[in-house]
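All ligand and atom numbering here is 1-based and tracks the order in the structure. Values below: all heavy atoms of this structure, side chains included; hydrogens, waters and symmetry mates excluded. For this chain, numbers begin at 1 and follow the sequence in order.
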Amino acid sequence: MENFKAFMVNKNEEDFTAEVKILRLEELPAGDVLIKVAYSSVNYKDGLASIQNGKIVRSYPFIPGIDLAGTVVRSDDSRYKEGDEVIATSYEIGVSHYGGFSEFARIPGDWIVPLPEGLSLKEAMVYGTAGFTAALSVHRLEENGLTPEKGKVLVTGATGGVGSVAVAMLAKRGYQVVASTGKEAEHDYLREIGAAEIISREELAGEKFRPLDKQLWAAAVDPVGGKTLSSILSKLDYNGSVAVSGLTGGTDVPTTVFPFILRGINLLGIDSVYCPMETRKLLWQRMASDLKPEGLLETIQNEVGLEELPGVLSSILKGKNRGRTIVKM
Ligand SMILES: C=CC(=O)SCCNC(=O)CCNC(=O)[C@H](O)C(C)(C)COP(=O)(O)OP(=O)(O)OC[C@H]1O[C@@H](n2cnc3c(N)ncnc32)[C@H](O)[C@@H]1OP(=O)(O)O
Ligand SMILES: NC(=O)C1=CN([C@@H]2O[C@H](COP(=O)(O)OP(=O)(O)OC[C@H]3O[C@@H](n4cnc5c(N)ncnc54)[C@H](O)[C@@H]3O)[C@@H](O)[C@H]2O)C=CC1
């Protein structure tokens, strides 16, 4: 049987390890479709999966990586055949089912999306779960009435994965994007990917908190959470919406009922993991067409190999990565 390389984590009472190992195909979990992985990508959740107490991985040893894109090698699912190019993200991938940091993956057919026309395997992973989450956020905001005429849209954690894709996507759709970042050195990058204005992290979520504050934005894409989300809620325009997806700024959100009962603010929860397949397929189609920030995906990405994963995974947890990091197999 064929041997292949994968990045594995293992934990026991004394030890935690994270390293590239050689595996055999029969060591992969059950699944209908065997995929030769072309690219995976690095998400914040993968950073959590690669540390001892990240509370993501359910059992060890394990191959993390919540995203993968590649070519079908073998399939017991009639929807897929050898040679098909596919994307597999979310569900149990990289959590309780061996994930994408691997040259091969065996995945249940129900978790797979055919690569849409208009996207390469590489572009699919420049998006990855972070990009899909940005797309779902924009989709939900527009479902709730957002149009470019309504006003400015704030994006927090703007230099990160979800943030960078959201900035580029919104700008492409004609929105005036206000990007929030703690990184002064990245202002040029943010303007390059479409930010019209930049505000500092401190200005957004400083010490001063008022239950209702000056109305500044029609909507927000927020992968940061914590006090940043509290501040957004009190500064959105009347009937504004915030799509909240993340927790890099903390999990506690001190707020009051006032933004909701006096300004009709909508708090939209964004979950990419169990997003229904119908919406998932629709969004991947849109990410390949009207939501695609043509040209900017290349600016947003950088590429690493499996061996470089420990460094990249550790730096995403420190908020130090810029844009999206893809992993070439
Ligand atoms: C790409 C997506 C993302 O990036 S999402 C952000 C990354 N995810 C996280 O940071 C979540 C990590 N998990 C945790 O921190 C904890 O599990 C917890 C805080 C969510 C809950 O911890 P606690 O110790 O209170 O309980 P359990 O872990 O035992 O779980 C309780 C209950 O919730 C269910 N659950 C756990 N994780 C998830 C999840 N990710 N999605 C949906 N549901 C989840 C878990 O199954 C338990 O339910 P039960 O019915 O009792 O089995
Ligand atoms: N709900 C869902 O389905 C999904 C949720 N997420 C979550 O979204 C968040 C972002 O994920 P990625 O973009 O992959 O991570 P990332 O690390 O690429 O981006 C995070 C951004 O947050 C910034 N940041 C870090 N600490 C901060 C703080 N204290 N205050 C303000 N900003 C801070 C970083 O500088 C960076 O720009 C994570 O919490 C992740 O778990 C991501 C994908 C799907």
_Nearest non-hydrogen protein atom, atom 19 (O) of ligand 2_ = Gly160 CA, 3.3 Å

_Taking ring-ring contact (aromatic ring centres under 6.0 Å, His included) as the cut-off, I'd like each qualifying pair that reaches into residues 4-41, sequence neighbours left out, listed once._
Phe4-Phe104

*Nearest protein heavy-atom contact for atom 26 (N) of ligand 2: which residue, which atom, what distance?*
Thr248 O, 3.4 Å

*Hey, which atoms in ligand 2 end up nearer than 4.0 Å to a heavy atom of Ile270?*
1 (N), 2 (C), 3 (O)

*Just checking, is any N or O donor in the side chain of Thr129 or Asn43 under 3.5 Å from an acceptor N or O on the other one?*
no

*How about Arg201 and Ser180: does a side-chain donor come under 3.5 Å of a side-chain acceptor?*
no

*How far is atom 9 (C) of ligand 2 from its nearest protein heavy atom, and which residue and atom is that?*
Pro223 O, 3.3 Å

*Would you call Glu298-Lys122 a salt bridge at under 4.0 Å N-O?*
yes

*asked:* Contact between Ile198 and Arg191 at the side-chain level, heavy atoms closer than 4.5 Å - yes or no?
replied: yes

*asked:* Distance under 4.0 Å to a non-hydrogen atom of Gly246: what atoms of ligand 2 satisfy this?
replied: 7 (C), 8 (O), 9 (C), 39 (O)

*May I ask you to list the atoms of ligand 2 that are less than 4.0 angstrom from any heavy atom of Leu247?*
39 (O)

*Could you tell me whether Lys150 and Glu142 have a side-chain N and a carboxylate O separated by less than 4.0 Å?*
no

_List ligand 2 atoms under 4.0 Å from Val224, heavy atoms only on the residue side._
30 (N), 31 (C), 32 (N)

*Pocket residues of ligand 1, ordered first by chain and then by residue number (heavy-atom cut-off under 4.0 Å)*: Lys45, Leu48, Lys55, Ile56, Ile66, Thr129, Leu247, Val273

*asked:* One residue to check: Lys183. Relative to ligand 2, which of side chain, backbone, both or neither has a non-hydrogen atom less than 4.0 Å away?
replied: side chain

*What is the closest protein heavy atom to atom 40 (C) of ligand 2, and at what distance does it sit?*
Tyr44 CB, 3.8 Å

*Give a yes-or-no answer on whether the side chains of Thr299 and Tyr189 include a donor-acceptor pair shorter than 3.5 Å.*
no

*Answer yes or no: is there a side-chain heavy-atom contact under 4.5 Å between Asp67 and Met125?*
yes

_Taking atom 32 (N) of ligand 2 as the reference point, the nearest protein heavy atom with its distance_ = Arg201 NE, 3.3 Å

*Provide the number and element of each atom of ligand 2 under 4.0 Å from a heavy atom of Ser245.*
1 (N), 2 (C), 4 (C), 5 (C), 6 (N), 7 (C), 8 (O)

*In plain terms, say whether Glu186 and Arg322 are close enough for a salt bridge, that is, a side-chain N and a carboxylate O under 4.0 Å apart.*
yes

